[in-house]
Structure formats: structure tokens, C-alpha cells
Peer 1: 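Supplied in C-alpha cells, the structure appears directly below.
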Amino acid sequence: GIFAETLDVEMLAPVRVYQTGDPAFLVSEFELKSTLKATGARFDTTLLERWQFRDGKVIDIKPHYFDKPGASA
């Protein structure tokens with residue numbers, strides 16, 4: 001909920017998927033282009049999500065956000 005309340009998302013696009021040595025986990029990389037709703041400032045970044053699976057179903061997603069060099073926040 002905080003993500004949607006904070007950002008006006010223009011683009012959230014997958015870049016690549018990284019497999020791990022443990023089949024219960026994978027990591028997805030995304031490119032995010034957005035504007036901060038509170039200030040109107042640009043917020044462009046990359047985002048990694050660690051996905052965990054059990055019995056073929058997603059049981060957890062843990063996001064990690066990174067500022068790109070030169071990005072406004």
C-alpha cells in the first residue's frame with residue numbers, strides 16, 4: 001500500500017530474472033520510472049525482488065530499492 005500511496009508509477013518493467021542455487025528462490029530485476037506524489041519530484045530507480053516459492057506458489061516477496069546515479073528523490 002505504501003508503494004502506491006507514495007509513487008505515481010509511469011513504468012515498472014522487468015529487466016531480467018536471476019536463478020539461485022535453491023529452487024525455492026529467484027530474484028527479479030525491474031526498472032521503475034515514477035514521480036513522488038507528495039512533491040512531484042522524479043524518482044527513477046532499479047528494484048530487485050526476492051521471490052520465495054513453496055509447492056509451486058509464491059509465499060513471500062521481499063523488495064529492495066536502489067537509487068540510480070543522478071536520480072532525484
Side-chain angles (χ1 to χ4, degrees):
I2 294 172
F3 188 87
E5 292 172 9
T6 305
L7 300 173
D8 182 14
V9 176
E10 296 171 21
M11 180 189 73
L12 181 60
V15 175
R16 62 187 58 87
V17 175
Y18 303 93
Q19 295 182 345
T20 70
D22 183 339
F25 292 91
L26 65 79
V27 175
S28 295
E29 180 180 358
F30 297 89
E31 182 177 358
L32 172 67
K33 294 188 182 292
S34 63
T35 304
L36 295 169
K37 289 182 177 181
T39 65
R42 292 290 309 164
F43 185 72
D44 298 339
T45 189
T46 56
L47 157 66
L48 298 175
E49 292 182 342
R50 187 204 68 197
W51 291 54
Q52 183 177 4
F53 299 87
R54 183 179 305 134
D55 300 324
K57 296 180 181 174
V58 176
I59 61 167
D60 187 52
I61 300 173
K62 185 175 182 181
H64 300 269
Y65 303 91
F66 302 92
D67 288 344
K68 283 188 175 180
S72 302

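Predicted model, so just to flag it, every value in this text is computed and none were measured.
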Peer 1: Sequence neighbours left out, cut at 3.5 Å: what donor-acceptor pairs do the side chains of residues 47-59 make with other protein atoms?
Peer 2:
from	atom 1	to	atom 2	distance (Å)
Glu49	OE1	Trp51	NE1	3.1
Arg50	NH2	Asp60	OD2	3.0

Peer 1: When hydrophobic residues are tied together by side-chain contacts of less than 4.5 Å, even through go-betweens, does Val9 share a cluster with Phe30?
Peer 2: yes

Peer 1: Using side-chain heavy atoms (C-beta onward) and a distance below 4.5 Å, is Thr46 in contact with Leu32?
Peer 2: no

Peer 1: Quick one: does Thr20's side chain have a donor or acceptor within less than 3.5 Å of a partner on Phe25's backbone?
Peer 2: yes

Peer 1: On a heavy-atom basis, which atom in Asp44 and which in Ser34 lie closest, and how many Å separate them?
Peer 2: OD1-N, 3.3 Å

Peer 1: Looking at Glu10 and Arg42, is any side-chain nitrogen of the basic one under 4.0 Å from a carboxylate oxygen of the acidic one?
Peer 2: yes

Peer 1: Using the rule that Ile, Leu, Val, Met, Phe, Trp and Tyr join whenever any side-chain heavy atoms are under 4.5 Å apart, tell me whether Val17 and Leu12 fall into a single cluster.
Peer 2: no

Peer 1: I'd like to know whether NZ of Lys37 has more than 12 heavy-atom contacts from other residues, nucleotides or ligands below 6.0 angstrom.
Peer 2: yes

Peer 1: Where do Leu7 and Phe43 come nearest, in terms of heavy atoms and distance?
Peer 2: CD2-CD2, 3.9 Å

